[in-house]
Participant: 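Let me begin by handing over the structure; questions about it come next.
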Amino acid sequence: MEVRTRKVGVATVIDLKGQIDLSSSSKMRTAVLEAIKAKDASRVAVNLTEVSYIDSSGIATLVEGLQLARSKNCHFVIFGLQQAPREVLELARLDKVFEIRLDETAALAS
Amino acid sequence: MIEIKITSDPKFLTIVRAMVGKVCELVECSREEENQIILAVDEACSNIMKHTYHGDPGQSIEIRCESAHDKIELVLQDCGPPVDARKIKPRSLEEVRPGGLGTHFIRTIMDEVKYEHVEGCGNILRMVKYLHRKQSGESN
């Protein structure tokens, strides 16, 4: 899996690419938590457009990110979900817990 | 029947998912069922890697897939110490917290889930999913 972090205005966007499973979720976790812990973090958006698979370890990382962001008054949003990752969120009944946006424009505007 | 044996290194999960996906294609289950079955097997393998082998990447996991006209059966076998099946329970989803979702996924997706320990063989997890085949004209 590939992870890239970039700044877009005041927001931090984390681009993930590939499949998120037990072998790769720690890399994702590091990027997500670092972005939220950054001194100036006010909005963190996780880009899942190119993620074709996510397992419970990836979902756990998103939940951890959401909780940390809430504790730091940081806006946490995910966007670009493909069908399979969306179904996993639904199975975990977390699809209503996260702020999910269609694309980056919507994620940074909300 | 298709059978593969991997060592308990998470980097091999992608191979397990690919194999299960191909079996699902062969039996023509729907895309949603395919995604779910792949997830269940991935989570079961991950549980063995994390909880039975405690992250040791050099242990053995065997995965067997068998299909009939209306079901797919997946059997995972490890060589670890006995697992207390009574302790493998899905957690409540009322509380939003990280972790503990793998067993929930397995139990929700698969129609039959059975753990047993065979002396000298290790733990055997047998999972069955009854299929709703694709309708004529339905594409993935």
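In what follows, chains are A, B, ... by sequence order, proteins preceding strands, each numbered from 1.
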Participant: Out of B/N35, B/T108, B/T14, return the one with the most heavy atom pairs under 4.5 angstrom to chain A.
Facilitator: B/N35
Participant: Around atom NZ of B/K50, are there more than 12 heavy atoms of other residues, nucleotides or ligands at under 6.0 Å?
Facilitator: yes
Participant: Hydrophobic clustering (ILVMFWY, side-chain heavy atoms < 4.5 Å, transitive) - are A/M28 and A/L33 grouped together?
Facilitator: yes
Participant: Applying the 4.5 Å side-chain criterion to the ILVMFWY set and letting contacts propagate, would A/V32 and A/V10 be lumped into a single cluster?
Facilitator: no
Participant: Heavy atoms only: give me the nearest A/D21-B/P10 pair and the separation to one decimal.
Facilitator: OD2-O, 4.3 Å
Participant: In Å, rounded to the nearest 0.5 Å, how long is the span from CG of B/N47 to CG of A/L22?
Facilitator: 9.0 Å
Participant: What distance do A/D55 atom CG and B/I38 atom CD1 have between them, rounded to the nearest 0.5 Å?
Facilitator: 12.5 Å
Participant: Let me confirm one number: the CD-CD distance from B/E32 to A/E87, rounded to the nearest 0.5 Å.
Facilitator: 5.0 Å
Participant: Which region of A/L91, side chain (C-beta onward) or backbone (N, CA, C, O), has a non-hydrogen atom less than 4.5 Å from a non-hydrogen atom of chain B, or is it both or neither?
Facilitator: both
Participant: Measure from the side-chain N and O atoms of B/E43 to the backbone N and O of A/S56, and report whether any donor-acceptor pair falls under 3.5 Å.
Facilitator: yes
Participant: Report yes or no: do B/I6 and B/L74 belong to one cluster of Ile/Leu/Val/Met/Phe/Trp/Tyr joined by side chain heavy-atom distances under 4.5 Å?
Facilitator: yes
Participant: Checking heavy atoms, do the side chain of A/L66, its backbone, both or neither come under 4.5 Å from chain B?
Facilitator: neither
Participant: Out of curiosity, does A/I20 fall in the hydrophobic cluster containing B/I15 (side-chain heavy atoms, cut-off under 4.5 Å, transitive links)?
Facilitator: yes
Participant: With a 4.5 angstrom heavy-atom cut-off, could you sort out which part of A/Q67 is near chain B: side chain, backbone, both or neither?
Facilitator: side chain
Participant: Give a yes or no on whether A/L102 atom CG has more than 12 heavy-atom contacts from other residues, nucleotides or ligands under 6.0 Å away.
Facilitator: no
Participant: Quick check: are there more than 12 heavy atoms from other residues, nucleotides or ligands sitting under 6.0 Å from NZ of B/K114?
Facilitator: no
Participant: Any chain of hydrophobic side-chain contacts (each under 4.5 Å) joining B/Y53 to B/Y115?
Facilitator: yes
Participant: So do the side chains of B/L39 and A/Y53 get within less than 4.5 Å of each other, counting heavy atoms only?
Facilitator: yes
Participant: Which of the residues A/S57, A/A84, A/A92 is involved in the greatest number of heavy-atom pairs with chain B at under 4.5 angstrom?
Facilitator: A/A92
Participant: Looking at every non-hydrogen atom in both residues, tell me the closest pair between B/K11 and A/S23 and how far apart they are.
Facilitator: N-CB, 3.8 Å
Participant: Can you tell which part of B/S46 gets under 4.5 Å to a heavy atom of chain A, answering side chain, backbone, both or neither?
Facilitator: both
Participant: Would you kindly say whether B/R31 and A/Q83 are connected by a side-chain donor-acceptor distance under 3.5 Å?
Facilitator: no
Participant: In this structure, are over 12 heavy atoms from other groups packed under 6.0 Å from B/R17 atom CZ?
Facilitator: yes
